[in-house]
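These notes are about the structure you will find just below.
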There are 2 protein chains.
Amino acid sequence: MDFSSDSARDLPATEITAALERLTRLFLRLAPRGELSLTAVSVLSLLGRSGPRRLTDLAAGEGVTQPAMTQLVSRLQEAGLAERAGDPEDGRVVLVHVTDAGRTALAERSAARAALLSELLSQLAEAELDGLVAALPAIDSLTSLMPDERPATVRAS
Amino acid sequence: MDFSSDSARDLPATEITAALERLTRLFLRLAPRGELSLTAVSVLSLLGRSGPRRLTDLAAGEGVTQPAMTQLVSRLQEAGLAERAGDPEDGRVVLVHVTDAGRTALAERSAARAALLSELLSQLAEAELDGLVAALPAIDSLTSLMPDERPATVRAS
DNA sequence: TATTGTTATACTCTATAACTATA
DNA sequence: TATAGTTATAGAGTATAACAATA
């Protein structure tokens, strides 16, 4: 094998960007109406994995403003998916917990999404699917490289 | 090589779904504020590639309602990125054109995105980058499999 | 009548600015 | 004073329903 030429390193990021853009659009349109927003999913998922978090930390981690997180948590709370609790060590702090209903909703959503995507994946050629699997490590790395502090406005269409 | 076992076909779609979901979120947060929405980009891109289109066709193709497309085109027009023109053959029809400013804005946005992503890609190991490139055909197929008629509400966080 | 597009209205999610409460 | 969080208000983008104009 020749490791010195034709490296992927030489490929313009433009191609990958374009592909990711189409993929993002596909993924957003895959969502049935009335579902949890991507930020909501991300928050519930984090709370489920790592336990209660401060509202400010959640806002910073998700790249949204503190008021936006206040409102998201309020919506989650009204839906019974999360709860606010005080911090005994600091009266100003709000600790956000995921509820059992929140865990259930998250699991159901994941299953539904996987089913939808599964249907699409089943239409891929074997080689294409292998390619997708080969990309998983890169996706893991990329997403862990994501800076937390970017306060980007997320617009979805 | 063994093509009969350990096929990617056997992998749970759950893993791929989760990875693509994280990737989508990363990509959405990569966007500087005040940018064009994904639908706007998709519309301008289509108009640039294939020429003027009817408003109804654009709405169907983007999976949004006709009123939503009316409003998007109005915003694009106010921003000078697109224009409305009548169809001499059918007085009811509005043909949407991209302007030179629209082409420019699209090109600049693509370049900016590619630059941001490039920075992240440069931090990947060679093998990871190769894996990402290997996934491009699958992403192309997936996005072309996307049904046009899904009227999903697009929520981005 | 059917089709094309717009207007009216409401909802979700976001932002910035101003505010309250605690440290 | 500084920090944590909320409230107030506005804007983008979407939907459904009702409408106008043309075929």
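Lettering follows sequence order; numbering is per chain, from 1.
Note: CD (A:Glu35) to C1' (C:dT12) measures 14 Å, nearest angstrom. If you measure from atom CG of B:Leu28 to atom C1' of D:dG13, you get 14 Å, rounded to the nearest angstrom. Atom CD in B:Glu62 sits roughly 14 Å away from atom C1' in D:dG13 (whole-Å rounding). A:Leu76 places its CG atom 13 Å from the P atom of C:dT12, with the value rounded to the nearest Å. Remark: P of C:dT12 and CG of A:Leu38 are 17 Å apart, rounded to the nearest angstrom. At whole-Å resolution of the value, CD in B:Glu78 and C1' in D:dG13 are 14 Å apart. Following rounding to the nearest Å, B:Arg53 (CZ) and C:dG5 (C1') show an atom-to-atom distance of 18 Å. Between the CG atom of B:Asp90 and the P atom of C:dA2 there is a distance of 17 Å, given to the nearest Å.
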Listing time: all N or O pairs from protein to nucleotides 5-11 of chain D that are below 3.5 Å?
| unit_1 | atom_1 | unit_2 | atom_2 | d |
| --- | --- | --- | --- | --- |
| D:dG5 | OP1 | A:Val94 | N | 2.5 |
| D:dG5 | OP1 | A:Val94 | O | 3.0 |
| D:dG5 | OP2 | A:Thr56 | N | 2.9 |
| D:dG5 | OP2 | A:Thr56 | OG1 | 2.2 |
| D:dG5 | N7 | A:Gln66 | OE1 | 2.5 |
| D:dT6 | OP1 | A:Arg84 | NE | 2.7 |
| D:dT6 | OP1 | A:Arg84 | NH2 | 3.1 |
| D:dT6 | OP2 | A:Thr70 | OG1 | 2.6 |
| D:dT6 | OP2 | A:Arg84 | NH2 | 3.4 |

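Residues meeting the side chain to side chain contact (heavy atoms under 4.5 Å, CB included) test with A:Ala114, sequence neighbours left out: B:Thr14, B:Thr17. Taking the side chain to side chain donor-acceptor pair (under 3.5 Å) definition, one finds that B:Glu21 meets it with A:Arg109, A:Arg113, sequence neighbours left out. With sequence neighbours excluded, the residues that form a side chain to side chain contact (heavy atoms under 4.5 Å, CB included) with A:Ala134 are B:Ala134. The side chain to side chain contact (heavy atoms under 4.5 Å, CB included) search around B:Gln77 returns B:Arg84, not counting sequence neighbours. Not counting sequence neighbours, the partners of A:Glu83 by the side chain to side chain contact (heavy atoms under 4.5 Å, CB included) test are A:Thr99.
Using a 4.0 Å cut-off between charged side-chain N and carboxylate O, A:Asp140 and B:Arg22 make a salt bridge.
Residue B:Arg75 places none of its side-chain N or O atoms closer than 4.0 Å to OP1 or OP2 of D:dA12.
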